[in-house]
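Here is the structure we will look at.
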Amino acid sequence: MPHANHYVIIMAGGIGSRFWPMSRSNFPKQFHDILGRGQSLIQETYNRFATFIPESNIYVVTNESYGQLVQQQLPNLSQDQILLEPVGRNTAPCIAYACYKIKKINPDAVMVVAPADHLIAFEDIFRQNIITGLEACKKENIIMTLGIRPTRPDTGYGYIQYLDPQSHKPFYKVKTFTEKPNLEVAKSFLASGDFVWNSGIFLFSVNTIGSSFNEFLPDMAELFDQLTDKYYSTEEQQSVNAAYITCRNVSIDYGIMEKAKNVFVIPSDFGWSDLGTWGSVYENSEKDEHGNAAHVYKLLSYKSGNNVVAATNNQKVVVIRGLEDFIVVDTENALLICPKKDEQAIREIVADLKNDFGEAYV
């Protein structure tokens with residue numbers, strides 16, 4: 001049964017620039033059904049949590065530009081459950097906003113914070129990990145994160161190192177957070193056996209995270225604490241907009257997690273992908289006999305293999321010949337053809353497009 005003190009904050013404000021040209025600033029990836037499964041990523045995330053979190057306790061933080069998209073795709077949410085940021089200020093302010101708002105109505109709340117764009121293959125294991133974390137955070141003054149047991153030396157993820165367990169609990173004390181490493185360092189992490197990928201999923205009680213904001217980001221704590229009288233009122237949005245003007249741009253990882261001494265991790269294996277790149281779409285897609293992953297109306301391929309091909313026009317036939325390990329994405333006003341190994345450059349491409357040709361193409 002869903003627990004009245006259990007909450008979830010879904011972070012859905014990102015633009016997803018590594019997912020260009022399908023993900024655009026006016027319609028980012030979390031609102032797309034990228035894998036053709038019948039639901040957008042944010043809908044999958046919401047429905048996953050709604051199986052064990054009361055629907056009234058599910059909150060979404062997003063950019064004000066996407067408020068209408070959230071309302072359309074998640075019609076069960078009330079206006080009070082959709083938190084609109086006037087500008088992106090990274091993850092610490094959006095978490096502070098949600099936590100201080102929820103604390104006003106439930107000072108006993110314990111919550112999970114999760115991005116809107118993750119794929120989870122084994123939802124029963126995921127659910128059990130989350131409930132384990134929430135129960136631990138209710139009893140102890142700790143911050144919890146879910147770490148993903150690495151399957152390869154990936155340079156696209158941050159890593160968490162944990163200490164040997166001192167008890168039979170299913171979670172370990174965090175020793176260090178490490179930013180995305182180079183390949184050699186990633187290989188050494190994998191070999192050591194005490195590193196997991198940083199999933200960006202965090203759990204804590206409102207009181208514990210409030211204390212952490214007071215200690216490590218006191219200016220942010222003061223900013224959102226002083227809005228307590230405005231939450232759940234007609235003055236909330238205007239007050240939040242004013243607060244964001246002076247709010248620092250900082251991630252929860254850098255602002256709190258890397259500094260706090262009470263962070264623990266549950267090493268997990270629930271078939272996780274953050275679907276952050278076209279390469280991760282390729283990995284999570286069905287493929288033809290030549291290894292091509294097609295998200296198009298019809299694909300005809302000659303002497304081509306291991307490509308990911310996508311098109312937004314559901315009547316368009318795509319033909320490829322002599323392509324190996326490429327990303328091909330066709331949209332109404334942009335076409336991307338890029339080797340899969342160079343997909344990390346897509347973010348730079350988007351920046352160049354914006355500078356050279358303006359907002360219309362990003």
Side-chain angles (χ1 to χ4, degrees), residues 6 8-11 45 48-49 51-53 91 95 110-205 208-209 212 251-254 256-276 280 283-284:
H6 290 176
V8 59
I9 301 164
I10 298 173
M11 297 183 292
T45 301
R48 182 182 305 128
F49 281 111
T51 62
F52 64 101
I53 302 281
T91 52
I95 291 171
V110 287
M111 59 192 62
V112 51
V113 176
D117 53 2
H118 288 182
L119 290 182
I120 308 294
F122 309 119
E123 298 200 355
D124 52 341
I125 300 173
F126 174 79
R127 187 182 307 120
Q128 190 52 57
N129 285 161
I130 294 292
I131 291 171
T132 297
L134 289 172
E135 290 300 311
C137 291
K138 180 175 72 174
K139 294 172 186 169
E140 302 181 50
N141 180 33
I142 59 176
I143 296 170
M144 194 75 76
T145 181
L146 299 187
I148 309 301
R149 295 187 191 278
T151 55
R152 59 188 181 275
D154 202 300
T155 59
Y157 300 132
Y159 284 72
I160 300 170
Q161 184 181 24
Y162 56 87
L163 299 170
D164 288 336
Q166 301 299 309
S167 69
H168 296 297
K169 293 178 180 178
F171 47 87
Y172 305 156
K173 190 170 178 58
V174 169
K175 183 179 180 182
T176 57
F177 282 82
T178 306
E179 296 300 313
K180 298 172 184 177
N182 63 37
L183 185 58
E184 288 308 308
V185 173
K187 285 178 179 176
S188 71
F189 287 173
L190 211 66
S192 74
D194 57 357
F195 282 83
V196 286
W197 290 332
N198 182 356
S199 70
I201 300 172
F202 301 105
L203 306 95
F204 35 67
S205 70
T208 295
I209 200 64
S212 298
S251 70
I252 196 75
D253 299 71
Y254 180 77
I256 291 178
M257 300 300 162
E258 293 176 13
K259 300 176 174 66
K261 304 298 183 191
N262 60 336
V263 183
F264 289 76
V265 62
I266 301 175
S268 306
D269 189 3
F270 42 73
W272 173 87
S273 172
D274 72 344
L275 216 64
S280 61
E283 289 170 14
N284 288 282

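Note that these values count all heavy atoms, side chains included, but never hydrogens, waters or copies made by symmetry.
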Sorted by chain and residue number, the salt bridge (Lys or Arg N to Asp or Glu O under 4.0 Å) partners of K180 (sequence neighbours excluded) come out as none
Enumerate the side-chain hydrogen bond (donor to acceptor under 3.5 Å, both in side chains) contacts for residues 259-270, please, sequence neighbours excluded, ordered by first and then second residue. N129-S268
Does F177 have more than 12 heavy atoms from other residues, nucleotides or ligands lying within 6.0 Å of its CZ? yes
With heavy-atom distances below 4.5 Å as the criterion, would you say the side chains of V263 and E258 are in contact? no
Decide yes or no for I143 and I256: does some side-chain heavy atom of the first lie under 4.5 Å from some side-chain heavy atom of the second? yes
If a pair satisfies side-chain hydrogen bond (donor to acceptor under 3.5 Å, both in side chains) and one of its residues is in residues 139-149, list it, with sequence neighbours excluded. E140-K169, N141-T208
Working to the nearest 0.5 angstrom, can you tell me the gap between M111 CE and F204 CZ? 6.5 Å
Would you compute the distance between atom SG of C137 and atom CZ of F171 and round it to the nearest 0.5 angstrom? 8.0 Å
Minimum heavy-atom separation for P170 and P267, please, with both atom names. O-CD, 4.0 Å
Tell me, please, whether Y162 has K175 positioned over its six-membered ring: NZ or CZ under 6.0 Å from the ring centre and within 45 degrees of its axis? no
Pairwise distance CG(D154) to CD1(I148) - rounded to 0.5 angstrom: 12.5 Å
Quick one: pull up OG in S273 and CG in N284 and give me the separation to the nearest 0.5 Å. 4.5 Å
Close side-chain approach of V112 to F49, heavy-atom, < 4.5 Å: yes
Derivation of the side chain to side chain contact (heavy atoms under 4.5 Å, CB included) call for I130 and L203: CA-CA 8 Å; I130 294 292; L203 306 95; 4.1 Å; yes
Can you name the residues that form a side chain to side chain donor-acceptor pair (under 3.5 Å) with T155, not counting sequence neighbours? none
Checking H6 against V110 for the side chain to side chain contact (heavy atoms under 4.5 Å, CB included) test, could you report, in this order, the C-alpha distance in whole Å, the side-chain angles of both residues, the deciding distance, and whether it holds? CA-CA 5 Å; H6 290 176; V110 287; 3.4 Å; yes
Quick one: side chains of residues 114-128, donor-acceptor pairs under 3.5 Å with protein atoms, not counting sequence neighbours, listed by atom name and distance.
| residue | atom | partner | partner atom | Å |
| --- | --- | --- | --- | --- |
| D117 | OD2 | K29 | NZ | 2.9 |
| H118 | ND1 | W272 | NE1 | 3.1 |
| E123 | OE2 | R48 | NE | 3.3 |
| R127 | NE | T51 | OG1 | 3.4 |
| Q128 | NE2 | T132 | OG1 | 3.4 |

Could you list the donor-acceptor pairs under 3.5 angstrom formed by side chains in residues 189-201, with sequence neighbours left out?
| residue | atom | partner | partner atom | Å |
| --- | --- | --- | --- | --- |
| S192 | OG | F189 | O | 2.8 |
| S192 | OG | D194 | OD1 | 2.7 |
| D194 | OD2 | Q161 | NE2 | 3.3 |
| W197 | NE1 | Y159 | OH | 3.1 |
| N198 | OD1 | G200 | N | 3.0 |
| N198 | ND2 | D253 | OD2 | 2.8 |
| S199 | OG | L146 | O | 2.6 |
| S199 | OG | I201 | N | 3.2 |

Got a sec, which residues hit side chain to side chain donor-acceptor pair (under 3.5 Å) with D274, two or more places apart in sequence or on another chain? none
Test salt bridge (Lys or Arg N to Asp or Glu O under 4.0 Å) applied to E135 - qualifying residues, sequence neighbours left out: K138
Looking only at non-hydrogen atoms, find the nearest pair between F202 and I252 and report the distance. CE1-CG2, 3.6 Å
Tell me whether E179 at atom CD has more than 12 heavy atoms from other residues, nucleotides or ligands lying less than 6.0 Å away. no
Once you round to the nearest 0.5 Å, how far does OG1 of T151 lie from CD of E283? 8.0 Å
